[in-house]
Amino acid sequence: MKKLTREFYKRDTLLVAKELLGKYLVVDKENCTLKGKIVEVEAYMGTKDKAAHSYSGKITERTKVMYKEGGYAYVYLIYGMYYCMNVVTLEENLPEAILIRAIEPVSELETMCKNRYGKSFQELNSYEKKNITNGPGKLCKAMDITKWLNGEDLCGDRFYILQDENEDKIEVISSKRIGIDYAEEAKDFLWRFYIKDNKFVSKLD
DNA sequence: AATGCGATTCTCT
DNA sequence: GAGAATCGCATTT
C-alpha cells in the first residue's frame with residue numbers, strides 16, 4: 001500500500017473526490033493504527049458553492065484551513081458534539097475540500113467500537129453494528145478524529161490515505177449532497193459520490 | 001454581551 | 001418522522 005502524494009490532492013476536486021473512493025483512511029496512534037476504506041464522499045466547491053463554508057471567499061478562524069494547498073485535513077465541530085473530516089484539494093487560496101461521509105472498517109474494529117459505544121463488537125446490538133462508521137460524525141468518533149487533527153498534513157505520518165495497488169474497479173454513484181437544504185440551487189448538484197452497493201454508505205437515494 | 005444556528009446523530013413514536 | 005442534545009462560530013446589539 002502506497003501513501004497518496006501531494007500531487008494527488010492538488011487536482012480537480014470532483015476528480016479527486018471520485019478517486020478517493022476505495023482508498024484507505026489511516027489514523028496512526030501510539031498503540032494502534034486505525035484504518036477504514038472510504039466508501040462515500042461529498043465535494044465542496046469553494047467560493048461559488050453556497051453549501052461550502054468557504055462560500056463567497058469568507059476566511060475565518062474555522063475555515064482558514066480550507067485555503068491551504070491540497071493534502072491537508074479540515075476537521076470541524078458540528079452541532080456542538082460531532083466532528084466532520086475533510087480533505088483539502090487544489091492550490092493554496094482555492095478553498096475546495098472533500099467531506100468523508102462514510103468508511104468501511106478495515107483495521108482496529110474493536111477500537112472503533114470502543115470509541116463509538118464504549119463496548120466491544122460482540123456486545124453491540126444489530127442496530128449499533130450497522131452504525132459504527134456510516135456517517136461523517138460517526139466515523140470521526142470511531143477513528144478518534146478531533147480538532148487536534150485539524151490542519152494536519154495528510155502527507156505526514158499520523159494521518160494519511162493509502163492506495164491499494166491491486167484495487168478492484170469501483171462503480172461510482174453520483175447523487176445530491178445531504179443536509180444542505182439552505183444552499184438554494186447548489187443543493188441539487190450531484191456532488192456526493194459513493195461506492196455502488198456498499199453496505200456502509202450512510203444513506204441510500 | 002447576546003443571539004441564532006449548523007456539511008449530525010440518537011431516541012423515541 | 002419529529003425533537004433534543006450541545007457548543008463554537010458568525011453575526012447582531
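Throughout, a chain's letter reflects where its sequence line sits, starting with A, and its residues are numbered from 1.
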Using whole Å, report how far CG of A/N86 lies from P of B/dT8. 11 Å
Over-ring placement of A/K64 relative to A/Y67, 6.0 Å and 45° cut-offs: no
Is A/K138 touching bases, backbone alone, or none of the nucleic acid, heavy atoms closer than 4.0 Å? sugar-phosphate
Once you apply a heavy-atom cut-off of 4.0 Å, does A/R177 come out as touching a base, just sugar-phosphate, or nothing? nothing
Distance, nearest 0.5 Å, that separates CG of A/N150 from CD1 of A/I145: 11.5 Å
In whole angstrom, what separates A/K58's NZ from B/dG6's C1'? 11 Å
In whole angstrom, give me the gap between the P atoms of C/dG3 and B/dC5. 16 Å
Would you classify A/L77 as touching base, sugar-phosphate or nothing, given that sugar-phosphate means primed atoms plus P, OP1 and OP2, and contacts are heavy atoms under 4.0 Å? sugar-phosphate
Could you please name the option among C/dT6, B/dT8, B/dA7 that lies closest to any side-chain atom of A/Y182? B/dA7
Within this structure, what is the NZ-to-C1' distance between A/K50 and B/dA7, rounded to whole angstrom? 17 Å
Spacing between A/Y55 atom OH and C/dT11 atom C1', to the nearest angstrom: 17 Å
Closest of B/dT9, C/dT6, B/dA7 to the A/M81 side chain is C/dT6
Lys/Arg-Asp/Glu bridge criterion (N-O < 4.0 Å) met for A/R158, A/E152: yes
ring-ring contact (aromatic ring centres under 6.0 Å, His included) with A/W191: which of A/F193, A/Y194, A/F189? A/F189
Taking atom types as they are modelled, would you say the side chain of A/Y76 forms a donor-acceptor pair with the base of B/dA7 within the 3.5 Å cutoff? yes
Can you see if the side chain of A/R116 gets near the phosphate of B/dC10 - specifically, an N or O under 4.0 Å from OP1 or OP2? yes
Taking Watson-Crick and G-U wobble contacts under 3.5 angstrom, with | marking pairs to another strand and [ ] crossing pairs, the secondary structure of DNA chain C is written |||||.||||||.
How many whole angstroms separate atom CZ of A/R101 from atom P of B/dT9? 7 Å
Taking A/K18 first and then A/D12, would you say they form a salt bridge - that is, a charged N and a carboxylate O separated by under 4.0 Å? no
To the nearest angstrom, how far is A/K141 atom NZ from B/dT9 atom C1'? 10 Å
Please check the phosphate of B/dG6 (OP1 and OP2 only) for any side-chain N or O of A/R62 closer than 4.0 Å. no
Whichever of A/K147 and A/Y82 has the more 5' nearest nucleotide on DNA chain C, that residue is A/Y82
Distance under 6.0 Å and angle within 45° of the ring axis: does A/K35 meet both against A/Y24? no
Can you tell me which residue among A/K187, A/R177, A/K203, A/R101 is in a salt bridge (charged side-chain N to carboxylate O under 4.0 Å, His left out) with A/E42? A/R101
